[in-house]
K.L.:
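The structure that follows is given in the form of structure tokens.
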Amino acid sequence: MAKSKDAKLEKSRELISEQGMKDLLTKQLEIVGSGGAFVWAVFFLCVTPNILNGFHVSSYTLLGHLPDDQWCGVDDLRATNWTLAQKRSITENNLKAGGCLVWDWDYKHLSGMSFEDAQNYTSRMAQINPPANVSCKVKGNYEYLHPESTFVSDWELTCERSIQRTSAQVSISLGKFCGSFSFGILADKFGRKTSFTLGAAFFIVGSIMCSFSPWYSLFLVGRFALGSASSGLFYPAFTMIVENICLKHRSWMSIAFSASYPVGMILLAITGYLIQPWRYLQLALTIPSLLLILNCYLMNESPRWLITKQRYDRVYQILFKQPSHYEVQAAIAPATEIVSDKKTLESASNASLGQKLRNGPLKSIIELFSNPQVRKLIFTSYFMFCVTSLSYYVTALNAQNLSVSRYLYIIATGVVDIPSYLVPVIMLRFTGRRITTMFLFMWTGISLLLVLSVPAGSTTWIVSFAMLGRFGISATYSVVTLYTAELYPTEIRNSALGTCSTWAHVGSISAPYVVDVLGALGWYIPTTICGCCVLVAGLLTLTLPETGTGKLSDKVEDAPAEAKAEK
């Protein structure tokens with residue numbers, strides 16, 4: 001009986017042409033995307049995971065900060081009754097090596113003396129035959145003030161191993177580099193929700209690995225997984241908003257989406273201040289990631305993506321909240337087309353592996369570069385994303401070079417970021433995408449270069465100009481992501497965003513080295529490099545077309561005509 005009932009329903013379905021079905025679904029998507037439960041469900045399910053990205057990407061400043069004070073605990077002096085200050089006055093007197101080096105005294109001989117005798121002896125011998133300085137590891141071990149607050153003390157990532165500390169931030173950037181590329185292709189090939197769900201799984205596993213890892217190498221693997229997952233959460237979710245929300249809400253919702261990231265930064269700073277041990281802090285940041293399971297369960301696939309994949313029944317179910325009563329009628333091809341289709345099938349069966357790859361997994365990537373107009377857009381977008389990300393992360397990680405409290409600096413950057421996302425909302429309404437992006441790039445570049453005009457000791461002014469630059473680059477990041485998403489058609493939009501993100505993470509990978517290595521040569525070098533690059537990006541923005549018309553293209557062949565018309 002059930003089978004016969006289903007057969008009757010199948011027979012009673014109304015025939016409709018494929019183009020008619022597309023028009024029906026697109027019109028309904030415009031209606032439900034203009035407000036109501038559909039819009040808010042998409043918004044909240046996509047925005048909340050981005051708060052988690054704000055946790056982990058910025059956690060390096062708290063989890064892996066350099067110890068507040070470090071010294072060398074000499075083994076031969078441990079049994080003496082000297083105070084710590086007295087021991088350090090003998091081992092590090094006028095050395096200024098941060099506990100990395102000690103004087104090469106015979107400490108076993110000195111340990112049998114009183115402190116006053118040892119001090120007189122070393123002073124006298126230093127005048128006669130000054131000793132060499134040697135690594136702390138030769139005479140003892142590193143010791144720290146509050147060692148539980150940083151993973152640096154657990155794995156002794158200081159002195160000659162200090163570059164390995166930077167690897168913790170580089171690994172998460174490398175993860176984002178790989179994740180943005182792979183998750184972008186997955187999202188275009190298998191769907192936005194599929195890519196998001198896989199990213200959520202990576203995020204949970206990576207968080208747990210970072211919390212309980214006994215080895216630094218495994219900790220780095222966990223950080224890499226977190227970086228990959230952040231791309232898997234960010235770009236499919238952002239694409240869902242761009243594709244399915246009408247122009248009226250699209251601008252402010254995309255900005256609000258980006259503004260959720262600094263909310264995570266502020267929560268990170270508050271949590272880090274209350275929870276000092278770094279493993280407990282990492283665990284506190286891990287527990288909220290379990291909520292991603294609920295997001296994956298409640299989230300629907302992107303209707304616009306489903307339309308491009310001709311899965312019309314599923315789109316109808318999502319938009320109309322009921323099964324489709326339409327049956328798409330296949331178009332009858334002329335005889336000449338049938339003959340050509342047979343030839344196409346024969347040639348497809350004889351296609352080489354390279355041709356199958358070009359027409360399969362690599363198709364969306366090839367289309368980014370095969371079309372001349374799209375190729376011009378993508379190279380400019382790559383540079384914009386790279387310098388934006390470089391400046392964004394340099395201003396986020398630069399607390400140590402500016403000699404300010406890491407907690408206050410993270411809160412300051414988060415507080416500055418939130419209003420920075422409101423400015424573009426107003427500007428986009430009146431000046432469009434291109435002029436807004438160019439202006440914000442110029443604002444950022446000038447602010448960061450103004451740091452050069454401030455004397456080295458004026459910390460307040462230095463931080464003020466750095467925060468002005470941070471304000472500008474945070475606003476730019478949100479606009480650049482929206483602008484780029486609108487530049488490319490639906491067929492390759494996620495691949496474009498994904499590969500742009502790959503170049504963005506070239507900047508984020510470089511940022512820790514710019515801060516830690518070049519910043520050690522001169523505190524002003526990181527902000528100067530960023531300021532110059534950002535000004536160049538602002539000039540290149542003027543070569544891009546305006547996209548604030550509200551109409552998104554779906555096919556790659558539409559992109560050149562659209563770009564020419566708007567130029």
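All of these numbers come straight from a predicted model, not from anything done at the bench.
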K.L.:
To the nearest 0.5 Å, tell me how far Arg433 CZ sits from Tyr483 OH.
P.N.:
9.5 Å
K.L.:
Do Ile163 and Tyr513 have side chains that approach each other closer than 4.5 Å (heavy atoms only, starting at C-beta)?
P.N.:
yes
K.L.:
Applying salt bridge (charged side-chain N to carboxylate O under 4.0 Å, His left out), can you list everything that pairs with Glu301, at least two apart in sequence or on another chain?
P.N.:
none
K.L.:
Output all residues satisfying side chain to side chain donor-acceptor pair (under 3.5 Å) with Thr166, sequence neighbours left out; order by chain, then residue number.
P.N.:
Asp516
K.L.:
Would you check if Ser59 and Phe55 make a side-chain contact, meaning some heavy-atom pair closer than 4.5 Å?
P.N.:
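No. Closest side-chain heavy atoms not under 4.5 Å.
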K.L.:
Please list, chain by chain and in numerical order, all residues satisfying ring pair (Phe, Tyr, Trp, His ring centres under 6.0 Å) with Tyr477, sequence neighbours excluded.
P.N.:
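Residues passing ring pair (Phe, Tyr, Trp, His ring centres under 6.0 Å) with Tyr477: Tyr392.
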K.L.:
Is the shortest side-chain heavy-atom distance between Leu274 and Leu281 below 4.5 Å?
P.N.:
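Heavy-atom side-chain distance check fails, nothing below 4.5 Å.
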K.L.:
Measuring only between side-chain heavy atoms, which start at C-beta, is Val451 closer than 4.5 Å to Thr528?
P.N.:
no
K.L.:
Has the side chain of Ser171 got a donor or acceptor atom that lies under 3.5 Å from a matching backbone atom of Ala168?
P.N.:
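Side chain of Ser171 to backbone of Ala168: a pair is present.
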K.L.:
Measure the spacing between NZ of Lys376 and CG of Leu544 and express it to the nearest 0.5 Å.
P.N.:
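Reported to 0.5 Å precision, the distance equals 12.0 Å.
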K.L.:
Sequence neighbours excluded, which residues qualify as disulfide bond (SG atoms under 2.5 Å apart) partners of Cys296?
P.N.:
none
K.L.:
Taking the basic N atoms (NZ, or NE/NH1/NH2) and the acidic carboxylate oxygens, is any pair closer than 4.0 Å for Glu243 and Arg192?
P.N.:
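Yes, Glu243 and Arg192 are salt-bridged.
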K.L.:
Quick one: side chain to side chain donor-acceptor pair (under 3.5 Å) partners of Ser447, sequence neighbours excluded?
P.N.:
none
K.L.:
Are the side chains of Thr413 and Met265 in contact, using a 4.5 Å heavy-atom criterion?
P.N.:
yes
K.L.:
Please step through side chain to side chain contact (heavy atoms under 4.5 Å, CB included) for the pair Leu448 and Thr395, ending with a clear verdict.
P.N.:
CA-CA 9 Å; Leu448 293 177; Thr395 54; 4.2 Å; yes
K.L.:
Show me the pairs that pass salt bridge (charged side-chain N to carboxylate O under 4.0 Å, His left out) and involve residues 499-510, at least two apart or across chains.
P.N.:
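Every candidate salt bridge (charged side-chain N to carboxylate O under 4.0 Å, His left out) pair involving residues 499-510 fails, so no pair, neighbours aside, qualifies.
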K.L.:
Using the test ring pair (Phe, Tyr, Trp, His ring centres under 6.0 Å), find all partners of Phe379 that sit at least two apart in sequence or belong to another chain.
P.N.:
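Only Phe369 meet the ring pair (Phe, Tyr, Trp, His ring centres under 6.0 Å) criterion with Phe379.
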K.L.:
Would a line drawn from the ring center of Tyr235 to the ring center of Phe183 be shorter than 6.0 Å?
P.N.:
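For Tyr235 and Phe183, the ring centres are not under 6.0 Å apart.
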K.L.:
Picking from Tyr261, Phe257, Phe43, Phe196, what satisfies ring-ring contact (aromatic ring centres under 6.0 Å, His included) with Phe238?
P.N.:
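The residue from Tyr261, Phe257, Phe43, Phe196 that satisfies ring-ring contact (aromatic ring centres under 6.0 Å, His included) with Phe238 turns out to be Phe257.
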K.L.:
Quick check: does any side chain N or O of Arg223 sit under 3.5 Å from a backbone N or O of Val170, one acting as donor and the other as acceptor?
P.N.:
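Checking the backbone N and O of Val170 against the side chain of Arg223, no donor-acceptor pair under 3.5 Å is found.
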K.L.:
Using a distance-only test with no angle check, is there a side-chain donor-acceptor pair under 3.5 angstrom linking Thr543 and Arg434?
P.N.:
no
K.L.:
With a sphere of 6.0 Å drawn around CZ of Phe224, does it hold more than 12 non-hydrogen atoms of other residues, nucleotides or ligands?
P.N.:
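It does: Phe224 CZ has more than 12 such atoms within range.
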K.L.:
Only counting residues at least two apart or in another chain, list the ones meeting side chain to side chain donor-acceptor pair (under 3.5 Å) with Tyr382.
P.N.:
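With sequence neighbours excluded, Tyr382 shows a side chain to side chain donor-acceptor pair (under 3.5 Å) to Thr499, given in chain and number order.
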K.L.:
Assess, by modelled atom type and distance only, whether the side chains of Thr436 and Thr431 contain a donor and an acceptor separated by less than 3.5 Å.
P.N.:
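Yes, Thr431 and Thr436 have a side-chain donor paired with an acceptor closer than 3.5 Å.
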K.L.:
Are the side chains of Leu428 and Leu482 in contact, using a 4.5 Å heavy-atom criterion?
P.N.:
yes
K.L.:
Do Leu535 and Leu449 pass the side chain to side chain contact (heavy atoms under 4.5 Å, CB included) test, and can you show the C-alpha distance, the side-chain angles, and the key distance before you say yes or no?
P.N.:
CA-CA 10 Å; Leu535 288 178; Leu449 290 178; 3.6 Å; yes
K.L.:
According to side chain to side chain donor-acceptor pair (under 3.5 Å), who are the partners of Thr194, at least two apart in sequence or on a separate chain?
P.N.:
none
K.L.:
Would Leu226 and Phe202 satisfy side chain to side chain contact (heavy atoms under 4.5 Å, CB included), going step by step from the backbone distance to the final call?
P.N.:
CA-CA 7 Å; Leu226 281 174; Phe202 270 63; over 6 Å; no
K.L.:
Can you tell me if Ser420 uses its side chain to pair, donor with acceptor, with the backbone of Asp417 under 3.5 Å?
P.N.:
yes
K.L.:
What pairs of residues pass the side-chain hydrogen bond (donor to acceptor under 3.5 Å, both in side chains) test when at least one of them lies in residues 33-52, not counting sequence neighbours?
P.N.:
Thr48-Asn295, Asn50-Asn53, Asn50-Ser260
K.L.:
To the nearest 0.5 Å, tell me how far Leu390 CG sits from Ser508 OG.
P.N.:
9.0 Å
K.L.:
What I want to check is whether the side chains of His65 and Ser149 have a donor and an acceptor closer together than 3.5 Å.
P.N.:
yes
K.L.:
Is there a side-chain contact between Tyr216 and Phe151 (heavy atoms, below 4.5 Å)?
P.N.:
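The answer is yes, as the side chains (C-beta and beyond) meet within the 4.5 Å cut-off.
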K.L.:
Taking atom CH2 of Trp443 as the centre, does the number of heavy atoms from other residues, nucleotides or ligands within less than 6.0 Å exceed 12?
P.N.:
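Atom CH2 in Trp443 is not packed in, count stays at 12 or less.
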K.L.:
Could you report the tightest heavy-atom contact between Pro288 and Ala284, atom names first, then the distance?
P.N.:
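Minimum heavy-atom contact is CD-O, 3.2 Å.
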K.L.:
In terms of relative ring orientation, are His249 and Trp252 parallel, tilted or perpendicular, with 30° and 60° separating the classes?
P.N.:
perpendicular
K.L.:
Is the backbone N or O of Ser302 less than 3.5 Å from a side-chain atom of Lys193, with the two atoms forming a donor-acceptor pair by type?
P.N.:
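Checking the backbone N and O of Ser302 against the side chain of Lys193, no donor-acceptor pair under 3.5 Å is found.
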K.L.:
To the closest 0.5 Å, what do you measure between OG1 (Thr150) and OH (Tyr60)?
P.N.:
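Going from OG1 on Thr150 over to OH on Tyr60, the span is 9.0 Å.
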K.L.:
In this structure, is the centre-to-centre distance between the rings of Trp155 and Phe219 below 6.0 Å?
P.N.:
yes
K.L.:
If we ignore hydrogens and angles and just use 3.5 Å, is the side chain of Thr541 paired with the main-chain N or O of Thr437 as donor and acceptor?
P.N.:
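A pair under 3.5 Å: no.
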K.L.:
So, Ser211 and Thr286: side-chain donor and acceptor under 3.5 Å apart, yes or no?
P.N.:
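Yes, Thr286 and Ser211 have a side-chain donor paired with an acceptor closer than 3.5 Å.
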K.L.:
Any side-chain donor-acceptor pair under 3.5 Å between Arg161 and Gln164?
P.N.:
yes
K.L.:
For the residue pair Ser389 and Gly507, what are the closest heavy atoms and their distance?
P.N.:
OG-C, 4.3 Å
K.L.:
I need the Ile172 CD1 to Ile509 CD1 distance, nearest 0.5 Å.
P.N.:
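The CD1 atom of Ile172 sits 11.5 Å away from the CD1 atom of Ile509.
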K.L.:
Provide the full list of side-chain hydrogen bond (donor to acceptor under 3.5 Å, both in side chains) pairs with a residue in residues 266-278, sequence neighbours left out, each pair given once.
P.N.:
Asp154-Trp278, Gln276-Tyr407
K.L.:
Could you tell me if the side chain of Phe471 sits less than 4.5 Å from the side chain of Thr444, heavy atoms only?
P.N.:
no
K.L.:
Name all residues meeting the disulfide bond (SG atoms under 2.5 Å apart) criterion together with Cys159; count only those two or more places apart in sequence or in a different chain, and write none if there are none.
P.N.:
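Partners of Cys159 under the disulfide bond (SG atoms under 2.5 Å apart) test: Cys100.
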K.L.:
What are the two closest heavy atoms between Met240 and Val42, and how far apart are they?
P.N.:
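Scanning both residues, the minimum pair turns out to be O-CG1, 4.3 Å.
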K.L.:
With rounding to the nearest 0.5 Å, note down the distance linking CZ in Phe439 to OG1 in Thr476.
P.N.:
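One finds 10.0 Å between CZ of Phe439 and OG1 of Thr476.
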